[in-house]
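Heads up, the thing below is written out as structure tokens.
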2 protein chains.
Amino acid sequence: MSRNCRFTAAVHVCAVLANHPESDVTSDYVASSLNTNPVVVRRLLASLAQAGLVASKRGSGGGYRLAKAAARIDLAAIAAAVEDDDGPAFSPNPTNPTCPIARNIKPVIAEAIARAEAARMSELGKVSLADVMEKLPV
Amino acid sequence: MSRNCRFTAAVHVCAVLANHPESDVTSDYVASSLNTNPVVVRRLLASLAQAGLVASKRGSGGGYRLAKAAARIDLAAIAAAVEDDDGPAFSPNPTNPTCPIARNIKPVIAEAIARAEAARMSELGKVSLADVMEKLPV
DNA sequence: CTATTCGTAACAAATTGAGTTACGAAAGGA
DNA sequence: TCCTTTCGTAACTCAATTTGTTACGAATAG
């Protein structure tokens, strides 16, 4: 796979859980909806659980469910849960210390990117999981 | 390297060109500022040239220069030039057609992501290369 | 006690980005 | 004309990442 599918997959996972509000859903079931391996789903759900978005129960009859109402989970929270948050992607190479541009540009770029990322997250924050479910003909 | 450094590197490249408005700059020179290989820089500059942001000249005395004034180049244009624009990253796996969530969720997610990406680009569009240069102590 | 299910480690396969080498094409100067 | 410089681009290697897979221990219900 080329790019990071974690965010889109995580939204899909959450939607499946939101569609079964009364019962726990197994990773096998979610995996069959995504047509992937249960372990891939459990890894995603581990991130979502750490962020407090889902709860899990082990053992027979166990599985996953949303930890809050779908209306109180937004796409920004899901993105924050499953995306890297290591700041902007600079080359790991040390830039040339004798070049005045190279010496000073990183924080300038980082600030602009941080603002853009904040705008993206703000937009994702306007869409709740309940909004997503409403648009599905289910 | 872990994540995509193309955008941050491209801004750095453009800043170096903006710092030499009167002359062509060789890929060797830019590469030494970024502490990387000239071919890596030329690949970046090829994308920027295709977007009409820089111009190149071959041969002795040749090199690269900005194709417009730094005030008329913004970070959104640089990002658009060097980033993939294949839309949101879905898993290449076909999702389960018997699951109503899986059957219908992709366009809903895609629309939300498109709006978020537009917000990010709008924010990047507010920062011109000239703004970046002003913040550098050069 | 057994079956189920999560949690997680370990590993293979595929993909990607960066770096590198190489070489042809273009352009200027002697 | 010939040589040097420099871009344009293809081909390759290397390292890192993601996904998929197997495996197994821990927890839980019946």
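Chain letters run A, B, ... following the sequence lines, proteins first, then strands; residues in each count from 1. All figures in this text were calculated on a predicted structure; none of them were measured in a lab.
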| query | Any chance the rings of H20(A) and Y29(A) have centres within less than 6.0 Å? | reply | yes
| query | Could you state the CZ-P distance from F90(A) to dA18(C), rounded to the nearest angstrom? | reply | 14 Å
| task | Decide whether R103(A) and T98(A) meet the rule of one side-chain donor and one side-chain acceptor closer than 3.5 Å. | result | no
| Whole-Å gap separating P (dG28(C)) and NZ (K57(B)) | 6 Å
| query | Is any side-chain nitrogen or oxygen of Y29(A) closer than 4.0 Å to OP1 or OP2 of dT4(C)? | reply | no
| query | Just to confirm, is there a sub-4.0 Å distance from OP1 or OP2 of dC6(C) to any side-chain nitrogen or oxygen of S56(A)? | reply | no
| remark: Within residues 32-54 of chain A, the residues having a heavy atom closer than 4.0 Å to DNA chain D are T36(A), N37(A), V39(A), V40(A), R42(A), R43(A)
| note | The nucleotide from dG17(C), dA26(D), dA25(C) with an atom nearest the side chain of R58(A) is dA26(D)
| request: Measure from CZ on R6(B) to P on dG19(C) and round the result to the nearest Å. | output: 12 Å
| request: Check step by step if side chain to side chain contact (heavy atoms under 4.5 Å, CB included) holds for L136(B) and I101(A). | output: CA-CA 7 Å; L136(B) 297 180; I101(A) 304 285; 3.9 Å; yes
| request: Report yes or no: is the cationic atom of K106(A) (NZ for Lys, CZ for Arg) closer than 6.0 Å to the six-membered ring centre of F90(A), at no more than 45° off its axis? | output: yes
| If you find the nucleotide of DNA chain D closest to S60(A) and the one closest to G61(B), which residue's nucleotide is nearer the 5' end? | G61(B)
| query | To the nearest Å, how far apart are F7(B) CZ and dG17(C) C1'? | reply | 18 Å
| message | I'd like to know if R120(B) and E117(B) make a salt bridge, using a cut-off of under 4.0 Å between side-chain N and carboxylate O. | response | yes
| query | If you check the N93(A) side chain, which of dT4(C), dT19(D), dG19(C) turns out closest? | reply | dG19(C)
| note | With V132(A) as partner, the option from L75(A), I73(A), D74(A) fulfilling side-chain contact (heavy atoms from CB on, under 4.5 Å) is L75(A)
| What's the CZ-P distance between R65(B) and dC7(D), to the nearest Å? | 13 Å
| Does a side chain donor of either H12(B) or T95(A) reach within less than 3.5 Å of an acceptor in the other side chain? | no
| request: Quick one: list whatever passes side-chain hydrogen bond (donor to acceptor under 3.5 Å, both in side chains) with D24(B), sequence neighbours left out. | output: R65(B)
| remark: When rounded to whole Å, the CG to P distance for the pair D24(B) and dG28(C) reads 11 Å
| field | Nearest heavy atoms of T26(A) and G62(A), plus distance in Å | value | CG2-O, 3.8 Å
| request: Note the angle between the end axes of the helix from dC1(C)-dG30(D) to dA30(C)-dT1(D), five pairs defining each, rounded to 10 degrees. | output: 10°
| query | Hey, does the side chain of S27(B) come within less than 4.0 Å of dC7(D)'s phosphate (OP1/OP2), counting only N and O? | reply | yes
